[in-house]
Amino acid sequence: MAACAPVDVKELGGSYIFVVDVRNTEVKVQIEKDSVLKISGQRNRDMDRKDVSEAKYLRVERPVGHFMRKFNLPNNVDLDSLTAACQDGMLTIIVPKLPEATPHKPRTFEVAVGTTLIKQ
């Protein structure tokens, strides 16, 4: 059974932020083809505690198993500065944007009339 990993994606002025619920999960973050963010892992049931191992499940709604999510990243990201951190079961991935290139402004040149630029 494939597990689902809900992801929130936000765009801020200088970065894209991905937030994933990864409780009881072994997770891996990768970049594929220099443009695809891949989040994958294995979600497990919490069976380490004694009270859980003796329990009889009456309803199971939280999925378990392998999961994988892929996101196409825009061209304006700095993949070398990507960071990922996990706290309280929430994985946060920050993909910084590259600085915007300054647009080329039209330039005007003076034209000297009656003179030559080529010297002989």
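In this chain, residues are counted from 1 in sequence order. Because only heavy atoms are used, hydrogens play no part in the values below, and waters and symmetry mates are left out as well, while side chains stay in.
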Leu79 and Leu73: side chain to side chain contact (heavy atoms under 4.5 Å, CB included), yes or no, with the steps? CA-CA 10 Å; Leu79 297 177; Leu73 297 172; 3.7 Å; yes
Which value, rounded to the nearest 0.5 Å, describes the distance between Phe67 atom CZ and Arg43 atom CZ?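 Going from CZ on Phe67 over to CZ on Arg43, the span is 5.5 Å.
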Taking atom CG of Leu82 and atom CD1 of Ile31, what is their separation to the nearest 0.5 Å?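 Between Leu82 CG and Ile31 CD1, I get 5.5 Å after rounding to 0.5 Å.
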Under the side-chain hydrogen bond (donor to acceptor under 3.5 Å, both in side chains) rule, collect the residues that match up with [X], sequence neighbours excluded.
X	value
Asp8	none
Ser81	Asp78
Arg107	none

Would you tabulate the side-chain donor-acceptor contacts of residues 87-101 under 3.5 Å, counting partners in other chains and residues two or more places apart, or write 'none'?
from	atom 1	to	atom 2	distance (Å)
Lys97	NZ	Glu11	OE2	2.6
Lys97	NZ	Leu12	O	3.1

Under the rule for side chain to side chain contact (heavy atoms under 4.5 Å, CB included), what residues qualify as partners of Lys38, not counting sequence neighbours?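 Only Gln30, Glu32, Ser40, Met68, Lys70 meet the side chain to side chain contact (heavy atoms under 4.5 Å, CB included) criterion with Lys38.
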Return the set of residues passing ring-ring contact (aromatic ring centres under 6.0 Å, His included) with Phe18 (not counting sequence neighbours), or none when no residue passes.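 Testing Phe18 for ring-ring contact (aromatic ring centres under 6.0 Å, His included), a comparison that skips the adjacent residues, returns Phe71.
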Do Ile17 and Val9 touch side chain to side chain, with heavy atoms closer than 4.5 Å?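 No, every pair of side-chain atoms sits at 4.5 Å or beyond.
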Flag the pair Val7 / Val19 as yes when at least one side-chain heavy-atom distance between them is below 4.5 Å, and no otherwise.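 No. Closest side-chain heavy atoms not under 4.5 Å.
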